[in-house]
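Below is one structure, written out as structure tokens; comments come after it.
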Protein chains: 2
Amino acid sequence: MPHAEAPRWTTYANERLASEGFRRGGGRAAVIDLLDSQECALSAQEIEDQLRSGERKVGRATVYRVLDELVELGLLNKVEIGDGVARFEAAFPEGADHHHHFVCSNCGKLIPFEDDELERALRRVARREGLVMESHEVTLRGRCPDCD
Amino acid sequence: MPHAEAPRWTTYANERLASEGFRRGGGRAAVIDLLDSQECALSAQEIEDQLRSGERKVGRATVYRVLDELVELGLLNKVEIGDGVARFEAAFPEGADHHHHFVCSNCGKLIPFEDDELERALRRVARREGLVMESHEVTLRGRCPDCD
DNA sequence: TGCTTAACGAGACTGAGTCCCGATATTGTC
DNA sequence: GACAATATCGGGACTCAGTCTCGTTAAGCA
């Protein structure tokens, strides 16, 4: 018999959407499924292309609409690395799996990292400046181990 | 008699450009002058508009070309706060005046801040991950004191 | 003064993201 | 199950930041 597994993001996302009063729809489900199966962040274009070649076609308008909704609900992180294309990745509740990104200036690879000390420093800064921090992004640029 | 003042960014930028073998040109000079007189970061569009209504017209291609050159030389910081528009602000040598930004999610105000502890944490992370850090950006989002 | 070539600008073009609006599907109700 | 109300969806036109081309202008050197 299988033992309990960590709940999939799809499950969590669908529960959250239901509790917020959203109806279930094929387009949204397709986008959520695709995002759940990804290693790293996908751009809206990549999502649109992958879904177009799949069995469930989804229009561009729907892709952007769904991404906006999910980001708004905190179910998705919007990652912008400065190339003019927004990328999206699944976000778990309570900031579990919270991380930032390193972008290799040579090969373009995206490497996630996390650091408690960094997070503490950010909270301290916000407090000192009298700012109520809702979210934050940290992007490091440079050479990854492979390209150095 | 006037006593010595801190050198203006324009001066620093022009010296740097000269030493890199750039010729002097009216378009570049106009962009540099405008940027030097700014409190906070300007978008390419704002630069183009302000110069168009001024006495020295500068074409869009020139604005973008000059901005790219200056960023490449480290004379300008490119600031991206996630609204799809890149902004630019004068950067001083040796990372003097190095800072990051807080974006108010309510009024959109851009507030600069700096923090040594944060910088140390970033360097530590890069070292730990085996990454050669060339640059980094930190963006905090939330409510500014006025909007809270 | 002339030559070489960097700097410039008008405007066409690209591509991510937005918007409109008619078509379709989900859910609650009878 | 049938129906109404309305959320969801998608084709495609549109916006707009940023890029590219190419002919013109002008800086700097001999």
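Proteins get letters first, then strands, A, B, ... in listed order; numbering begins at 1 in each. Any value given below was found using the heavy atoms of this structure, including those in side chains, with hydrogens, waters and symmetry copies removed.
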For nucleotides 28-30 of chain C, which of its nitrogen or oxygen atoms have a protein nitrogen or oxygen under 3.5 Å away, and what is each distance?
none

| said: According to ring-ring contact (aromatic ring centres under 6.0 Å, His included), does anything in residues 26-70 of chain A pair up with another residue at least two apart or in another chain? List the pairs. | reply: none

| query | Which residues within residues 17-25 of chain A lie with some heavy atom under 4.0 Å of an atom in DNA chain C? | reply | Arg23(A), Arg24(A)

| Other cluster members, Phe22(A) - Ile/Leu/Val/Met/Phe/Trp/Tyr, side-chain contacts below 4.5 Å | Trp9(A), Tyr12(A), Leu17(A), Val31(A), Ile32(A), Leu34(A), Leu35(A), Leu42(A), Ile47(A), Leu51(A), Val58(A), Val63(A), Val66(A), Leu67(A), Leu70(A), Val71(A), Leu73(A), Leu75(A), Leu76(A), Phe88(A), Phe92(A)

| query | Hey, is Arg141(A) close enough to Glu134(B) for a salt bridge, meaning N to O under 4.0 Å? | reply | no

| task | Could you point out which residue of Arg120(A), Arg124(A), Arg128(A), Arg123(A) forms a salt bridge (charged side-chain N to carboxylate O under 4.0 Å, His left out) with Glu117(B)? | result | Arg124(A)

| Quick check: does any side chain N or O of Thr62(B) sit under 3.5 Å from a backbone N or O of Gly27(B), one acting as donor and the other as acceptor? | no

| said: Counting only heavy atoms and a strict 4.0 angstrom limit, can you tell me which residues of residues 34-59 of chain A come near DNA chain D? | reply: Arg56(A), Lys57(A), Val58(A), Gly59(A)

| request: Can you run down the ring-ring contact (aromatic ring centres under 6.0 Å, His included) pairs that involve residues 120-148 of chain B, sequence neighbours left out, and say none if there aren't any? | output: His98(B)-His136(B), His100(B)-His136(B)

| Considering residues, nucleotides and ligands other than Arg56(B), do more than 12 of their heavy atoms fall under 6.0 Å from its CZ? | yes

| request: Quick one: list whatever passes side-chain hydrogen bond (donor to acceptor under 3.5 Å, both in side chains) with Lys57(A), sequence neighbours left out. | output: none

| said: Is there a side-chain contact between Arg87(B) and Ile81(B) in this structure, where contact means two heavy atoms from C-beta onward sitting under 4.5 Å apart? | reply: yes

| query | Heavy-atom contacts under 4.0 Å between residues 81-91 of chain A and DNA chain D, which residues? | reply | none

| Pairs in or reaching into residues 23-44 of chain A: which pass ring-ring contact (aromatic ring centres under 6.0 Å, His included), with residues at least two apart or in two chains? | none

| Net bend of the helix from dT1(C)-dA30(D) to dC30(C)-dG1(D), end axes of five pairs each, nearest 10 degrees | 30°

| query | Ignoring hydrogens and geometry, is there a side-chain-to-backbone donor-acceptor pair from Thr10(A) to Asp36(A) under 3.5 Å? | reply | no

| field | For Glu69(A), all residues meeting side-chain hydrogen bond (donor to acceptor under 3.5 Å, both in side chains), sequence neighbours excluded | value | Arg28(A)

| query | What string of B, S and - do you get for nucleotides 18-23 of chain C, 5' to 3', when a contact is any protein heavy atom under 4.0 Å? | reply | BB----

